> 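For reference, the structure I am asking about is given below.
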Amino acid sequence: MCGIIGFTGRCEAAPILLEGLRRLEYRGYDSAGLVTGTGRQLHVRKKAGRLCELLRLLAAQPAAGCYGIGHTRWATHGPANDRNAHPHTDSRGWIAVVHNGVIDNYAVLREQLQRQGVVFRSDTDTEVLAHLIARCYQGDLVGAVQQALQLVRGTYGLAVVCQQEPGIIVAARLGSPLVIGSGRAGRYLASDAHALAGWVDKLHYLEDGQICQLSGEDCELFDQRLAPLTITLQDAPGELTDGLLDKGDYPHFMLKEIYEQPEALTNAMRGRLHEADATAHFGGLNLTAAQLRQVERIIITGCGTSYYAGLVGEYLIEELARLPVEVEYASELRYRHPPLDRHTILLAITQSGETADTLAAVREAKRRGQITLAICNVVGSSIAREADGGVYLHAGPEIGVASTKAFTAQCLVLTLLALYLGRLRHLSAAQGQRILQELRALPEAVRAAFACHTQVKSIAEKYAHVHNALYLGRQYLYPVALEGALKLKEISYIHAEGYPAAEMKHGPIALVDEHTPSVFLVPRGQVFDKVLANMQEIKARGGPIIAVVSGHDPEVAALADDVISIPHVPEYLQPIVAVVPLQLLAYEMALLRGCDVDRPRHLAKSVTVE
Ligand code: F6R
């Protein structure tokens, strides 16, 4: 979602801002802009569309100056056009603002300002901030920002410059991430630490309510009342390297990340398999075994793909640990009032660690005194810092907007957690040993699943023209059906629905015709015969069937139009292997339809608005 970059120092800002914006592109955006300053003049350049449009504009109208801020916008208030792109300025053009988040009371503020004669030039909520800051400005930018923010309700990560104060950037955070860093050339600011790769060796993640003022030489931090705070600079995370955004030999990040899964799984397991105790163990749960034995119920929450991993977690934890689990969309949970007792813990699942609804659900649970844990990929992210404890995925950065390796790593960490909780309760050492052994073989099974790629490509050619598709699975593979359908719709724009296979006849079967393929997940397992019967129902109505099976399965082959074979693994690990052909199918279909696989329309990598 929207990205922010800022620089003030001893060299030209525009090239740094542009490179930072390029690094933020993966988050998803629809327009981009920047402002730099020379003497007492600001140079605002902004353009709808991809970054190349902004580059073209800058070639014609360069923006000079050694300080500035930049932004990639993901439209919330007003369409994606030049006018609505950030930065936004006040009426005199003294103040320029870039902003992530949403100002909830912007309509009231806008009306008040209009009554005072302010003419708005965009449809955005952000422009309100520029006018408010200008009205509060009396020669002290940080003071003006602080005062203006008192009037605002909502969420923000924002950066502000003022032509009266050359070289100064003021930034503030409430609910939308910002990180500041210092490097040899000067001071930097970004909404995502990846954008600062190679430039900084020290970082400070702003906390909610903090305001900071950057200059080429200095960095000052304040609380909401402008009382000075001490900056705690941390080492930049190890994975913050220049090579981060490199696709290597792959044409797209998504394909690279699909193929990185065996390694990501190995990394997620590294150091966590405890041979002697036949269990898994984790460094960051911050809960003792005794405390975990007290847990009587787990509520898992997340959004999108992470929510689907949570559904896999429900099956895993109930089976291996015999603990009741509920899975709830974070956007729903945050406004619900489920009765919770002190033996219930909240487990948030999130790749980015910045998803606004998931963060809000964690905060709400904490407010009510619940213990919160997070399974998270991005080290130092807001949710990782907010939760009482948690487990990092160590899957490596995920840049493609469609989540792939994070999903399989999430399912794996949930398996480890289920094993750990199970061993604290009823699982025997022998059962624990068997699970450890099966886990160790898992990365190889995923690698072997890539053998289906050529065949998946030809299946994609057969079906790339369709308008609808169904994904069907049962038990552990029901969430995988949901995930397969999500992958297809988000990157190929084909309408796809995931269902528990038996639910079909309660309505969706009406959609079946010869132009609507059904992707069935039918590896051998306890409900194999039942899924076979569900396949018959589709077949009888003339629907084409693509079946994902383990090994060679003549019974399924007799019914299906196309069969994709994956390696045999135990049922509780099938989600991690069975999702691979679905990821590849979505990728190949999207390519054939000419879609931008890594940057699908309307989507953002990390959804920082509610
Ligand atoms: C789909 C996808 C999204 C995310 C969702 C949650 O491919 O990536 O559905 O899973 O936006 O994001 P995180 O996991 O960062 O909280």
Side-chain angles (χ1 to χ4, degrees), residues 1-2 26-28 74 175-177 191-192 194 252-255 257-258 261 264 300-313 327-334 346-363 372-387 390-393 395-411 413-414 471 479-480 482-493 496 498 579 582-587 590 595-610:
M1 197 155 266
C2 308
Y26 79 95
R27 294 167 66 105
W74 186 85
S176 200
S191 51
D192 179 335
H194 291 154
H252 298 98
F253 282 113
M254 182 179 176
L255 190 63
E257 288 157 9
I258 291 173
Q261 290 178 109
I300 298 182
T301 197
C303 301
T305 289
S306 294
Y307 169 81
Y308 296 152
L311 290 178
V312 175
V327 192
E328 179 74 278
Y329 283 114
S331 52
E332 289 299 309
L333 184 63
R334 64 182 291 186
L346 180 89
L347 174 60
I349 305 185
T350 167
Q351 186 285 130
S352 62
E354 301 296 351
T355 302
D357 284 321
T358 312
L359 179 58
V362 169
R363 286 186 173 155
T372 58
L373 297 177
I375 294 177
C376 195
N377 196 31
V378 178
V379 175
S381 55
S382 301
I383 295 170
R385 286 178 295 125
E386 192 82 29
V391 187
Y392 280 121
L393 297 179
E398 192 179 66
I399 306 297
V401 164
S403 187
T404 52
K405 64 177 178 175
F407 174 76
T408 44
Q410 286 165 344
C411 292
V413 166
L414 283 160
Y471 283 72
V480 179
L482 297 174
E483 172 61 3
L486 178 64
K487 286 293 88 94
L488 187 70
K489 65 187 140 197
E490 70 181 326
I491 60 167
S492 75
Y493 319 141
V579 78
L582 307 192
Q583 295 168 338
L584 290 169
L585 185 64
Y587 174 79
C595 301
D596 187 344
V597 171
D598 281 337
R599 290 188 297 245
R601 71 183 180 202
H602 311 326
L603 293 183
K605 182 65 187 163
S606 101
V607 182
T608 48
V609 292
E610 99 165 85

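We count ligands from 1, going down the list as the structure has it; atoms in each ligand are counted the same way. Not measured: the values here are computed from a predicted model.
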> Any atoms of ligand 1 less than 4.0 Å from a non-hydrogen atom of E490? List them with their elements.
1 (C), 7 (O)
> Can you name the one residue among V327, L333, L347 that meets side-chain contact (heavy atoms from CB on, under 4.5 Å) with T301?
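In the set V327, L333, L347, the residue that makes a side-chain contact (heavy atoms from CB on, under 4.5 Å) with T301 is L333.
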> Tell me: protein heavy atom nearest atom 3 (C) of ligand 1, and distance?
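I find the closest protein heavy atom is T305 N, 4.0 Å.
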> Which of these, T301, T355, T404, has its nearest heavy atom closest to atom 16 (O) of ligand 1?
T355
> Has the side chain of E398 got a donor or acceptor atom that lies under 3.5 Å from a matching backbone atom of K405?
yes
> Using a 4.0 Å cut-off to any heavy atom of Q351, which atoms of ligand 1 qualify?
13 (P), 14 (O), 15 (O), 16 (O)
> Run the contact test for V401 against ligand 1 with a 4.0 Å cut-off on heavy atoms, strictly below, and give the result.
yes
> Any N or O on S352 sitting closer than 3.5 Å to an N or O of ligand 1?
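For ligand 1, there is an N or O atom that lies under 3.5 Å from one belonging to S352.
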> Hey, is K487 one of the residues with a heavy atom under 4.0 angstrom from ligand 1?
yes
> Quick check: closest heavy atoms across Q351 and S306, and the distance to 0.1 Å?
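Shortest heavy-atom separation between Q351 and S306 comes out as N-OG, 3.8 Å.
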> So which heavy atom on D357 is nearest to which on C303, and how close?
CB-SG, 4.1 Å
> Look at atom 11 (O) of ligand 1 and say which protein heavy atom is nearest, naming residue and atom and giving the distance to 0.1 Å.
V607 CG2, 4.1 Å
> Any chance you could lay out the side chain to side chain donor-acceptor pair (under 3.5 Å) test for T404 and Q583, step after step, and finish with the verdict?
CA-CA 7 Å; T404 52; Q583 295 168 338; 5.0 Å; no
> What is the closest protein heavy atom to atom 5 (C) of ligand 1, and at what distance does it sit?
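Sorting protein heavy atoms by distance from atom 5 (C) of ligand 1 puts C303 O, 3.5 Å first.
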> Can you find a side-chain donor-acceptor pair between S381 and E354 that sits under 3.5 Å?
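Checked: S381/E354 side chains show no N/O donor-acceptor pair below 3.5 Å.
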> For the pair E386 and R363, find out whether any cationic side-chain nitrogen is under 4.0 Å from an anionic carboxylate oxygen.
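Salt bridge present between E386 and R363.
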> Within the structure, is a non-hydrogen atom of G302 found at a distance of less than 4.0 Å from ligand 1?
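Under 4.0 Å: no for G302.
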> Numbering the atoms of ligand 1 from 1, which are under 4.0 Å from a heavy atom of A402?
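Going through ligand 1 atom by atom, the ones under 4.0 Å from A402 are 7 (O).
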> Determine whether the side chains of T305 and E483 contain a donor N or O and an acceptor N or O closer than 3.5 Å.
yes
